[in-house]
Amino acid sequence: MKYEFSNIDKKWQDAWDANSTFKVENDYSKPKYYTLIEFPYPSGQGLHIGHPRPYTAMDIVSRKKRMEGYNVLFPMGWDAFGLPTENYAIKNHIHPSIVTENNIKHFKEQLKSIGYSFDWSREINTTDPDYFKWTQWIFLQLYKKGLAYKKEMNVNFCTSCKCVLANEEVVNGVCERCGSEVIHKVKSQWMLKITEYAQRLIDDLEDLDFLERIKTQEINWIGRSEGAEVNFNTSAGDEVTVYTTRPDTLFGATYMVMSPEHSLIEKWKEQIQNIDEVTKYQVEASKKSDFERTELVKDKTGVCLDGIRAINPVNGKEIPIFISDYVLATYGTGAIMAVPAHDERDWDFAKVFSLPIVEVVAGGNVQEAAYTDVATGIMCNSDFLNGLEVSEAKKTIISWLETNGKGHSKVNYKLRDWVFSRQRYWGEPVPMVWCDNCGWVPVPEEELPVRLPEVEHYEPTDTGESPLSKIHDWVNTTCPKCKAPAKRETDTMPQWAGSSWYFLRYCDPNNKNELASREALDYWMPVDWYNGGMEHVTLHLLYSRFWAKFLYDIDILGCKEPYKKRTAHGMILGENGEKMSKSRGNVINPDDVIAEFGADTLRLYEMFIGDFEKAAPWNPSSIRGCKRFLDRTAGLLDFVNGNGITSKLEAPLHKLIKKVTEDIDTMKFNTAIAAMMSFLNDVYDNGSITIDELVIFIKLLNPFAPHLTEEMWQILGNNSFLSVEAWPKYDESKTVENTVEIAVQVNGKLRATIRISKDASKEEAISIAKNESKVIESLTEKTIVKEIYVPGKIVNIVVK
RNA sequence: GCCGAUGUGGCGGAAUCGGCAGACGCCACGGACUUAAAAUCCGUUGGGAAGAAAUUCCCGUACCGGUUCAAGUCCGGUCAUCGGCACCA
């Protein structure tokens, strides 16, 4: 058979569609398997060559699970709110919903042309009011539980997107999306209290089958630290609380540092003798962007608050107070006790200002460098802590603080609450109304969804207000509570809102009354295997785990974690090993690849390209090898003959079934394909294969190359779909051949290979080995010291 | 600086519990087919040396050292690259 992919691809894609081959029912009697990939943002550029890598991988897993008899949910949808669509709409004067619709149409055609086994009847779209009704509903539940609140605060603001950003969206001081400068702005923002879930987001990772690097990245991002809060009296009379992870070094605190934004400074302004200098420093600090602040790491700056002293609670000593921007207002209490002897930053600062450095943990030379080793140090210069180990000293001092009312132990997290407002048009409206009498009032649930108004212009405003604020008909409403005139919230939700729960909607996508029925959720959730990009670990992945936990708490969802298993794929790079981009001119279009080689070759090549978890450069010649393999597979039909399993191919086939089955489960798609190629080479060498042998082979290949294998299955006289036939089983005992080839070494050097029975005894193996001429040669005039035989592997004779 | 990962031919990459390093594919080279090219098929292909040849020998998994009959794999140290976090007290 000649492999004419252009006819075959379309034929089977249409057939699967027409027969709803991959439609899945909520059949609660069957064992389920839920495979998930991150739904795409339908951009104007269409599908990127990188998309098919994770999609094909999970399609293979899904197809195999289906053939193994599972009820498989493998859905697809669109994460369609977002700035590029809005910007395109603004530029071309087309409504974002029309842009979205066109983009989705294009994406869907492209995905269909690769032959994925999605259940398209469950397709969802985050911009569909029937969908975002429930995004808004979840927001209202968060609000009711006090987990959504509006707060005036200093936020990250992208100067190009003209929009606030969450902490997670600022990368190296610039906007994660567009790379523009991020400045600080004080704005009133909706916030979600993800910090309330910080500990659970760490703890519950333990039982999950996530890649280790994903777990550690999340844990580091959440940034738990254990320490103590300590109260210092001041000469001004006010108490200042500091946070420290080293309460054991309290005797070494020689000064205190407050962040420039600390609220007590305003209160103290009458008593601070150098208030002008202090104010000047505050103004300078506030002007610095995140980027500038991190740029200046090495040079410590600050101003001493003249006229006010802090009193170390443990020894009553007076110490100076500084303000410096190396202390962050947003972490801990915004103030620290400085122990220059045992903290590098404090040490640097002390050197600049010539402050005393008092050693309290012995073991270093604190005049030369800060000594930060906590594992081996013994306390000194610390009164009742002297002689204790650091860990003991920590316990002792904390109990002293608690007894004397001077402080207590405290856990802090780097994680911040989630800034949830965006000043843009193309997002879910926040379903809240401001009433001058009642304050913030939630839109009643029966009035959801709050739709976006139809307008002419969506441009963001230069004032940093949402474009919706100018739509007076929409903004002006009545208070749901007291019926007085009131105004709608004009901010929309961030792009991450819709994706924080989409996997739940797939379980029951057309439900009008609930986000999904409890029955459906209990059946399908949690997701059994979720694959996605590493770039989402501290964004989407964390956010969606938070929402799932909240929905678990309010008894909507029955599991406390949404995903059982999470894996990540590597990027596909350009031919030159660089990231693909238009400006580098190294972009590969999947449509072109399909036109030239067919969908199955694209699928196979993306799986064969390398280690699934690692980045791999595109290679236009390597893909030919995959096409060749499929051509040769099609060619098997030309000499297939007879029935049954021949003794020649029995062991190789059982081995192959085992290999492919295991490799799919462990994401080693490249070696699964290599094994199939090897098998095919053997068949060509032998020049014969029976129908039954061929059927096993094409079943194994089906998840990788579904179009060609369906066609071959039909040519072999079958009317069913190969894609829903049973997955082949192997017999462990038949994977081993009766004789094995093993290596014979003398002193670790290869001298011969021998073929012996797999059950040969040590004596037999060694005596056969000793009959090999090469072995005899290297044994002459030597004394045998030791003889080693590892069955199936090796014989090694050690001589002197 | 901290955390995580990775280092194997010309290239992408294989190698179960320590057991024949380089599977599979690409590239390259030689040959067949062809008027020719493409496609296809057959063969060679880690490096080096000797030989007319069959063949033989030496070196080789970033580097240095160790354990072992045996190390890409285990242990100690060094270097390099990539990713994440980064004044979080």
Side-chain angles (χ1 to χ4, degrees), chain A residues 171-173 211-221 223-225 227 242-247 249 253 257 259 293-294 296-300 324-328 330-339 342-346 348-349 372 412-416 534-535 537-538 570-571 577 604-605 608-611 613-629 631-632 635 662 668 670-681 684 741-753 774 785-799:
Chain A
V171 176
N172 292 329
L211 290 179
E212 214 44 49
R213 62 196 165 116
I214 295 177
K215 288 189 186 183
T216 39
Q217 208 170 303
E218 291 221 337
I219 289 168
N220 290 346
W221 183 261
R224 180 194 154 97
S225 77
V242 302
Y243 175 70
T244 177
T245 54
R246 296 292 307 273
T249 62
V257 188
S259 73
R293 254 175 109 134
T294 49
L296 294 167
V297 171
K298 27 315 159 222
D299 309 319
K300 293 279 182 292
S324 172
D325 62 5
Y326 87 88
V327 173
L328 306 175
T330 45
Y331 184 75
T333 62
I336 61 155
M337 63 178 215
V339 184
H342 306 291
D343 181 284
E344 278 169 33
R345 293 149 305 178
D346 296 347
D348 291 343
F349 191 86
T372 56
N412 263 328
Y413 302 92
K414 290 186 201 172
L415 186 69
R416 303 294 145 81
M534 282 307 287
E535 69 276 16
V537 167
T538 55
M571 223 189 311
L604 203 70
Y605 176 58
F608 189 62
I609 195 166
D611 184 336
E613 287 188 43
K614 287 194 204 141
W618 186 264
N619 183 333
S621 341
S622 277
I623 194 169
R624 312 207 71 90
C626 291
K627 174 65 165 43
R628 241 170 246 150
F629 167 67
D631 286 337
R632 278 156 60 85
E662 289 177 353
K668 291 160 85 176
N670 52 341
T671 51
I673 294 167
M676 288 190 278
M677 286 173 167
S678 269
F679 179 85
L680 186 72
N681 290 344
Y684 267 84
E741 191 171 83
I742 68 167
V744 181
Q745 298 182 337
V746 178
N747 279 355
K749 286 203 173 138
L750 184 68
R751 291 297 170 218
T753 57
K774 283 280 158 50
V785 182
K786 201 172 184 180
E787 292 170 336
I788 291 141
Y789 171 55
V790 182
K793 296 270 163 79
I794 206 159
V795 167
N796 190 7
I797 301 168
V798 187
V799 296

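Chain identifiers are assigned alphabetically (A, B, ...) following the order of the sequence lines, protein sequences preceding nucleic acid strands; residue numbering begins at 1 within each chain.
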Pair A:Y789-A:I794, side-chain contact (heavy atoms from CB on, under 4.5 Å): steps then yes or no
CA-CA 6 Å; A:Y789 171 55; A:I794 206 159; over 6 Å; no
Decide yes or no on ring pair (Phe, Tyr, Trp, His ring centres under 6.0 Å) for A:Y413 and A:W221, but give the supporting numbers first.
CA-CA 9 Å; A:Y413 302 92; A:W221 183 261; over 10 Å; no
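Side-chain atoms of A:V257 and A:M337, non-hydrogen and from C-beta on, never get closer than 4.5 Å to each other.
Remark: A:K414 is not positioned above the aromatic ring of A:Y331, lacking an NZ or CZ atom under 6.0 angstrom from the ring centre and at most 45 degrees off the axis.
OP1 or OP2 of B:G25 sits under 4.0 Å from a side-chain N or O of A:N681. A sub-4.0 Å separation between OP1 or OP2 of B:A89 and a side-chain N or O of A:Y326 is absent. In this structure, A:S225 reaches the B:A89 phosphate: one of its side-chain N or O atoms is under 4.0 Å from OP1 or OP2. Put simply, A:R628 has a side-chain N or O that comes within less than 4.0 Å of OP1 or OP2 on B:C26. In this structure, A:N220 does not reach the B:G4 phosphate: none of its side-chain N or O atoms is under 4.0 Å from OP1 or OP2.
In RNA chain B, the stems built from three or more successive Watson-Crick or G-U pairs (distances below 3.5 Å) are B:1-7 with B:79-85, B:10-12 with B:24-26, B:28-32 with B:40-44, B:46-50 with B:55-59, B:62-66 with B:74-78.
Between B:A70 and B:A21, the two P atoms lie 14 Å apart (nearest whole Å). To the nearest whole angstrom, the two P atoms, one in B:C74 and one in B:U8, are 16 Å apart. The separation of B:G22 from B:U78, taken at their P atoms, amounts to 33 Å, rounded to a whole angstrom. Taking atom C1' in both B:C20 and B:G60, the straight-line distance is 15 Å, to the nearest Å. One P atom belongs to B:C69, the other to B:G12, and the distance between them is 37 Å to the nearest Å.
When heavy atoms are screened at a 4.0 angstrom cut-off, A:D346 is found touching no nucleic acid atom at all.
When rounded to the nearest whole Å, the span between CG of A:N619 and C1' of B:A28 equals 14 Å. What separates CZ of A:R224 from P of B:C2 is a distance of 23 Å, to the nearest Å. At whole-Å resolution of the value, CZ in A:F608 and P in B:G12 are 14 Å apart. Distance, A:R213 CZ to B:G84 C1': 11 Å, rounded to whole Å. For the pair A:F629 CZ and B:U40 C1', the computed distance is 18 Å after rounding to whole Å. A:I336 places its CD1 atom 9 Å from the C1' atom of B:C87, with the value rounded to the nearest Å. Following rounding to the nearest Å, A:E613 (CD) and B:C82 (C1') show an atom-to-atom distance of 15 Å. In this entry the distance linking NZ of A:K414 with C1' of B:C87 reads 11 Å, nearest Å.
Taking the salt bridge (charged side-chain N to carboxylate O under 4.0 Å, His left out) definition, one finds that A:D343 meets it with A:R345, sequence neighbours left out.
The pair A:E741-A:K793 fails the salt-bridge criterion, with no side-chain N (NZ, NE, NH1 or NH2) lying under 4.0 Å from an Asp/Glu carboxylate O.
At distances below 3.5 Å, at least one donor-acceptor pair connects side-chain atoms of A:D346 with backbone N or O atoms of A:V339. At least one donor-acceptor pair under 3.5 Å links the side chain of A:T671 to the backbone N or O of A:K668. Looking at A:N796, its side chain never comes within 3.5 Å of a backbone N or O of A:E787 through a donor-acceptor pair.
In this structure, B:G9 shows a glycosidic angle within 90 degrees of zero, which is the syn conformation. Look at B:C85: its glycosidic torsion is beyond 90° from 0, and that puts it in the anti range.
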I'd like a list of close polar pairs between nucleotides 15-22 of chain B and the protein, N/O only, cut-off under 3.5 Å.
unit_1	atom_1	unit_2	atom_2	d
B:A15	OP1	A:K668	NZ	3.3
B:G19	N2	A:N796	ND2	3.4
B:C20	N4	A:E741	O	3.4

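Closest to the side chain of A:T244, from the set B:A89, B:U40, B:C24, is B:A89. For A:S622, the listed nucleotide lying nearest its side chain is B:G25; candidates were B:G25, B:A89, B:C41.
Ring planes of A:Y605 and A:W618: perpendicular class, angle over 60° (limits at 30 and 60°).
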